[in-house]
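The structure appears right after this line, and notes come after that.
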Amino acid sequence: MMNFSRAVCSTMTVMMCLMVAGCSNQPLATSAAHLPSRAPDARSKKTYQDLIVGYVQLGAESEWRTANTDSVKEAAAQLGVELRFSDAQQKQENQISAIRALIAQQVDVIGVAPLIETGWDDVFKEAQDAGIPIILVDRRADVSPSLYVTLMGSDFLEEGRNAARIMSTLTDGHANIVELQGTRGSAPANDRYAGFREVLKDYPGMKIIDSEDGNFTVAKGKEVMRAFLKAHGKNITALFAHNDDMALGAIKAIEEYGLRPGVDIQIVSVDATRGAFEAMIAGKLNATVECNPLLGPDFLELALKVVNGESIPKWIPSQESQFFASQGADQLKQILATRKY
Ligand code: GYE
């Protein structure tokens, strides 16, 4: 029978286990080894060279995504981590099979950028049962927090709010807005959509007259913007694109229609990629809300901490900024010269 102090210790162990990867509720004597205060000593600690890490990328749909992939690959090469990388080509079933393959290979840690929020419970449980920690990189998954160690990435809700705040200034609170949404069901599309509307409630003169899925790509952004223009023509005075790639596609559609992007239609997007800076320098994009894809080094540092039993916060938010065409071409060029993506 379990006495009181042992029951309390077991409860604490379970709580700690929520923060430490690959830990099951084992008998007290062995579970104590998982507590942060009893982290493995220097001799048994793993180094980067010992690590085998899987990275289950969702695709290559945008400039942001390419920068994210490059960041993970470069960091692994620099640190000497063995990386098993897969690109799911925007299909959740490919991500799920990739995770299963990595479980079979008994890698140390799996990083996942989930395409959409739902549908991860079973496969994450399989990883947990195999003792392999999951780190969510970039996008959230709608699962119990016990199924992943940490989420590292941006506050997409705040990005949506910031886009609306910027739009209100650009349009003086009066606009007929069209919106290009990111991939349906993805965390950034859900949150940017919600955050944008939250702020717009305070601006009765700003109306969303149309909103469609542009799948985060240049091609779809252009196609949907063309359809918006066909339906609403010159009534459109503003565009909120959930990423820069869709804004760049839309800019082409607006020019082909005979209007001036950035002048006749105010445009705000998200990411702050090289393409967005170039469009701001050309006066065709008004502003972009930064979303940082350079997560590789931090991801691998976390992976190492996790295998060494260190506790880490449940969410590690990115530090981000905003950029405006009104800063002027010279300043934007200088900033661009310092950026990696
Ligand atoms: O904003 C977009 C990409 O998940 C934050 O995905 C990421 C988003 C990014 O396709 O460009």
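Just follow the structure's listing: the first ligand is 1, and inside any ligand the first atom is 1.
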Requested in this report: Identify, for atom 6 (O) of ligand 1, the protein heavy atom at the shortest distance, and state residue, atom and that distance.
Outcome: Arg139 NH2, 2.8 Å
For ligand 1, which atoms, with element, lie under 4.0 Å from some heavy atom of [X]?
X: Phe156; result: 5 (C)
X: Pro188; result: 4 (O)
X: Glu61; result: 3 (C), 6 (O), 10 (O)
X: Arg65; result: 3 (C), 4 (O), 6 (O), 7 (C), 8 (C)
X: Ser62; result: 2 (C), 3 (C), 10 (O), 11 (O)
X: Cys291; result: 5 (C)

Query raised in the report: Do Phe124 and Tyr148 have their ring centres less than 6.0 Å from each other?
Result: no
Query - Modelled atom types, side-chain donor and acceptor of Thr217 and Asp245, under 3.5 Å - result: no
**Report entry** Polar contact flag, side-chain donor to acceptor under 3.5 angstrom, Thr69-Gln57
**Finding:** yes
Query - Proximity winner for atom 9 (C) of ligand 1, if only heavy atoms of Asn243, Asp271, Asp138 are counted - result: Asp271
Query - Aromatic Tyr193 / basic Arg197 pairing, under 6.0 angstrom, 45° off normal - result: yes
Query raised in the report: Take atom NZ in Lys222; do more than 12 heavy atoms of anything else shown fall under 6.0 Å from it?
Result: yes
Requested in this report: Measure the acute angle between the ring planes of Tyr55 and Phe299, then classify it against the limits of 30° and 60° as parallel, tilted or perpendicular.
Outcome: tilted
Report task. Answer whether the closest heavy-atom distance between the side chains of Phe323 and Ile335 falls below 4.5 Å. Result -> yes
Query - Proximity of Arg192 to ligand 1 by residue part, where a heavy atom lies under 4.0 Å - result: side chain
